Amino acid sequence: MNQPTFRAPKGTFDLVPPRGEAVLAVRDAMAGPVRRAGYGYVETPSFEETGLFARGVGESTDIVTKEMYSFTTRGGDDVSLRPEGTAPVLRAALENGLHRGALPVKLWYGGSYYRYERPQKGRFRHFSQVGAEVLGTEDPAVDAELIVLAMDAYRALGLTEVRVLINSLGSSESRPAYRDALQQFLRGLDLDEDTASRVEINPLRVLDDKRPDVQKALADAPLVTDFLSDGDRAHHDRVRRLLTDAGVPYDDDPRLVRGLDYYTRTLFEFVHDGLGSQSAVGGGGRYDGLSELLGGPRLPSVGWALGAERTLLAMEAEGLPLPGTPGVDVYLVPLGDDAERHAFGLVTELRRAGVAADVATGGRGLKGAMKAADRSGARYAVVVGERDLADGVAQVKDLRSGEQEPVALGDVRSHLITATSS
RNA sequence: GUGGGUGUAGCUCAGUGGUAGAGCACCUGGUUGUGGUCCAGGAAGUCGCGGGUUCAAAUCCCGUCACUCACCCCA
């Protein structure tokens, strides 16, 4: 085997057909519901000032402490490839004054994200996601709306085994009391060094530990839900009520926390069991304080991000066919030099008329070209040989039935447009 | 960062010291102008890389790299 000199960097991957089209289709499907809901499209740079993430995502998070692709530019700026989308989108909204217009501002976006982690199934250093954010309202209806829209996207892809986990972390008023109670409880446990230090820095995230012994020790840990203020509880109940009204089932998970510091109140995660050890295909929550952290006005907001590749893995786990396979409807098979010229003109005409068409090239024999026609998935093969040209016709063959008929050269285009449009 | 597994043909893999294999895919022919089935043939591999043991290494030993799965954490 001749080994190529270069390979995709560790933890990255190439998307090649047919998976390339599949991921494209997944992203489209994930964007469909939010677009139909009137969300506007926003695009931000793939990298930002490192400080945006450090401050927005949280200095103590794993993402910021060890997972960012950070570098210094020639000009001396400290920048990082974006590890997530919410902070950049909020930054862009503030910078462009979107929050000065009508509220709420509803936005969606997509693109590549980067985290320097050890790769494993469903986890890469480069991945893509589609996100949506609703800025500038505390109304629990938008929390519920986002969850419903995400579930609609999964359903549109044929997924039936995506579950929603939901929790409330409480607002800035109710969270400190819980944090103290949890911290006190955790200090009483016998934990390894890393975890013990996490107890001091960000005790909520200890709840996220998946190690069985740790989970066992957490069995009697105090729950956020017991510390919610009346307002938080009302908000949370309203979100859950609206989900039920929309026919979206959910699982209450009082242990659900997420690794980003900016979340407040509503928190949710879309999980699937077909992804190996990873289970989240998407997730999000409310971040009422992030705008102020970034130097903006108070702008209570909520959003989510859905992972494209993980969603595709989930689809494969459910045995769903790859979406978005392209293929053509018509395949031209020219024989001889003159025929190749005619076929080139014809395939151009067909494509311009909106018919998906391809043509055999490289002067392969009839048999080989027919084989290529078969593999292309086309319904119709059009054989154009010297004899046909002399007769002023092309042979149009229905590859499904095997029937073939001569069609006058001048009529081939309209014949095929009609045939493929039915 | 830590631990396990795997590196042999384009793909999936068999091959435990003695001439490098299968299935699928690909190409050609059987059909001087017809695909999907079938038949025959063909092309394709420094057995990840380096070193060692041996008359002899894909196979045993050492090292190394890559991939992969898992932990922490997340899309």
Side-chain angles (χ1 to χ4, degrees), chain A residues 1-3 7-11 13 16 26-27 30 57 60-67 82-86 110-131 150 192-195 197-198 202 205-214 257-260 269-272 275-284 304-314 331 333-336 339 360 362 364-389 395-404:
Chain A
M1 171 174 19
N2 257 333
Q3 302 207 349
R7 313 171 52 93
K10 187 185 190 70
F13 50 87
V16 298
V26 167
R27 288 197 279 247
M30 294 193 307
V57 177
S60 71
T61 60
D62 282 1
I63 288 179
V64 170
T65 55
K66 58 182 190 186
E67 294 175 5
R82 58 184 178 195
E84 62 98 43
T86 298
S112 291
Y113 295 85
Y114 310 87
R115 291 183 199 170
Y116 190 89
E117 299 182 89
R118 281 291 279 268
Q120 70 187 74
K121 187 176 176 66
R123 191 180 68 184
F124 303 97
R125 291 181 173 187
H126 165 242
F127 56 97
S128 69
Q129 52 186 33
V130 169
D192 63 275
E193 194 179 329
D194 282 352
T195 311
S197 71
R198 195 174 299 139
N202 195 336
R205 279 178 53 238
V206 177
L207 293 177
D208 226 7
D209 202 310
K210 291 190 175 68
R211 287 174 294 188
D213 51 316
V214 178
V257 288
R258 313 198 75 237
L260 293 78
E269 198 161 279
F270 305 101
V271 297
H272 195 280
L275 310 184
S277 161
Q278 312 306 324
S279 61
V281 290
W304 51 235
L306 313 181
E309 294 84 8
R310 281 195 185 176
T311 298
L312 186 60
L313 283 177
Y331 198 92
V333 177
L335 297 169
R364 1 176 37 175
L366 178 63
K367 187 181 167 114
M370 284 301 291
K371 202 165 190 159
D374 189 50
R375 268 195 297 252
S376 76
R379 172 77 190 270
Y380 299 99
V382 180
V383 179
V384 189
E386 318 257 306
R387 287 206 312 252
D388 305 305
L389 283 182
Q395 306 292 334
V396 176
K397 181 169 187 174
D398 183 328
L399 291 173
R400 211 178 297 170
S401 67
E403 284 168 27
Q404 178 171 308

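What's counted below: heavy atoms across the whole structure, side chains too, no hydrogens, waters or symmetry copies. Nothing here was measured: the structure is a model prediction, and the numbers come from that model. The chains referred to below are lettered A, B, ... by the order of the sequence lines, with proteins before strands, and numbering in each begins at 1.
- Between L313(A) and H272(A), every side-chain heavy-atom pair lies at or beyond the 4.5 Å cut-off.
- Taking atom P on both nucleotides, A66(B) is separated from G45(B) by 25 Å, rounded to a whole Å.
- The phosphate of C69(B) has neither OP1 nor OP2 within less than 4.0 Å of any side-chain N or O from Q120(A).
- Between C47(B) and A57(B), the distance separating the two P atoms is 12 Å to the nearest Å.
- When both distances must be under 3.5 Å, the Watson-Crick or G-U wobble mate of G45(B) does not exist.
- Closest of all the heavy-atom pairs between A308(A) and V26(A) is O-CG1, 3.8 Å.
- In this structure A40(B) sits in a base pair with U28(B), meeting the Watson-Crick or G-U test at under 3.5 Å.
- Counting any heavy atom pair closer than 4.0 Å across all strands shown, R125(A) reaches no nucleic acid atom.
- Across all strands shown, K10(A) has heavy atoms under 4.0 Å from sugar-phosphate atoms exclusively, and none from any base.
- Across all strands shown, C71(B) forms a Watson-Crick or G-U wobble pair, both distances under 3.5 Å, with G1(B).
- One atom, CE of M370(A), and another, C1' of G33(B), lie 10 Å apart when rounded to the nearest Å.
- Annotation for F270(A) and G283(A): closest pair CD1-N, 3.8 Å, computed over non-hydrogen atoms.
- Nucleotides C67(B) and G29(B), compared at atom P, are 41 Å apart to the nearest Å.
- The interatomic distance linking K121(A) (NZ) with A70(B) (P) rounds to 8 Å, in whole Å.
- Here the nucleotide nearest the side chain of R118(A), chosen from G3(B), C73(B), A75(B), is G3(B).
- The base of A75(B) does not come close enough to the side chain of E269(A) for any donor and acceptor atom to sit less than 3.5 Å apart.
- Remark: A22(B) base-pairs with U12(B). Criterion, Watson-Crick or G-U wobble with two distances under 3.5 Å.
- The shortest distance between side-chain heavy atoms of R123(A) and R118(A) falls below 4.5 Å.
- Contact check for V383(A) versus K397(A): no side-chain heavy atoms found under the 4.5 Å cut-off.
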Practice prompt. Run the numbers on Q129(A) and M30(A) for side chain to side chain contact (heavy atoms under 4.5 Å, CB included), then give the verdict.
Written response: CA-CA 9 Å; Q129(A) 52 186 33; M30(A) 294 193 307; 6.0 Å; no
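- In this structure, the salt bridge (Lys or Arg N to Asp or Glu O under 4.0 Å) partners of R205(A), at least two apart in sequence or on a different chain, are D62(A).
- For the P atoms, the distance from C73(B) to A14(B) is 35 Å, rounded to whole Å.
- Residue F127(A) places its side chain closer to A75(B) than to any other of U34(B), C73(B), A75(B).
- With both pairing distances under 3.5 Å, U34(B) is matched to nothing as a Watson-Crick or G-U wobble pair.
- In this structure, F124(A) reaches the bases: a heavy-atom distance under 4.0 Å links it to at least one base atom across the strands shown.
- At a threshold of 4.0 angstrom between heavy atoms, the contacts of E84(A) with the nucleic acid are absent.
- Side chains of R125(A) and P119(A) form a contact here, defined as non-hydrogen atoms less than 4.5 Å apart.
- Per the geometry, CG belonging to L366(A) stands 14 Å off C1' belonging to G36(B), to the nearest Å.
- Separation of the C1' atoms belonging to C11(B) and G63(B) is 31 Å when rounded to the nearest angstrom.
- Take D398(A) and apply the side chain to side chain donor-acceptor pair (under 3.5 Å) test, not counting sequence neighbours, and it matches R379(A).
- Taking atom P on both A56(B) and U64(B), the two are 26 Å apart, rounded to the nearest angstrom.
- Here U59(B) sits opposite no nucleotide as a Watson-Crick or G-U wobble pair (both hydrogen-bonding atom distances under 3.5 Å).
- Dashed line: the shortest gap from a side-chain N or O of T311(A) to OP1 or OP2 of A75(B) is not under 4.0 Å.
- Among the protein residues, A373(A) comes within range of no part of the nucleic acid, since none of its heavy atoms lies under 4.0 Å from any strand.
- Along RNA chain B, the nucleotide closest to R387(A) and the one closest to D62(A) are compared, and the more 5′ of them pairs with R387(A).
- Distance noted for atom P between A58(B) and G17(B): 13 Å (whole Å).
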Distances under 3.5 Å between protein N/O atoms and the N/O atoms of nucleotides 28-32 of chain B, please, pair by pair.
residue : atom : partner : partner atom : Å
G30(B)  : O6   : K367(A) : NZ           : 3.2

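- Between P9(A) and I63(A), the residue whose closest nucleotide on RNA chain B is further toward the 5' end is P9(A).
- G17(B) makes up no base pair with any nucleotide shown, lacking Watson-Crick or G-U wobble contacts both under 3.5 Å.
- Spacing between atom NZ of K397(A) and atom P of G35(B) amounts to 7 Å, rounded to whole angstrom units.
- Among the heavy atoms of the strands lying under 4.0 Å from V383(A) is at least one base atom, whether or not backbone atoms are also near.
- Across the protein-nucleic acid pair, E403(A) atom CD and G35(B) atom C1' stand 15 Å apart, rounded to whole Å.
- When the side-chain nitrogen and oxygen atoms of R27(A) are compared with OP1 and OP2 of A75(B), none of them lie within a distance under 4.0 Å.
- Atom CG of D388(A) and atom P of U34(B) are 12 Å apart (whole Å).
- Between L399(A) atom CG and G35(B) atom P the separation is 11 Å, expressed in whole Å.
- Side-chain contact between R27(A) and S128(A) is present, with at least one heavy-atom pair separated by less than 4.5 Å.
- In this structure, D209(A) reaches the sugar-phosphate backbone alone: every heavy-atom distance under 4.0 Å involves primed, P, OP1 or OP2 atoms, never a base.
- Counting non-hydrogen atoms under 4.0 angstrom, E309(A) reaches nothing in the nucleic acid.
- Side-chain N/O atoms of R123(A) and base N/O atoms of C73(B) include a donor-acceptor pair closer than 3.5 Å.
- Atom CZ in R7(A) sits roughly 13 Å away from atom P in C49(B) (whole-Å rounding).
- The same atom, C1', is picked in G7(B) and in G42(B); the two are 28 Å apart, to the nearest Å.
- A donor-acceptor contact under 3.5 Å is formed by the side chain of D374(A) with the base of G35(B).
- Regarding contacts with the backbone of A25(B), every side-chain N or O of R375(A) stays at 4.0 angstrom or more from both OP1 and OP2.
- Across all non-hydrogen atoms, the minimal contact from H126(A) to Y114(A) is CD2-CE2, 3.4 Å.
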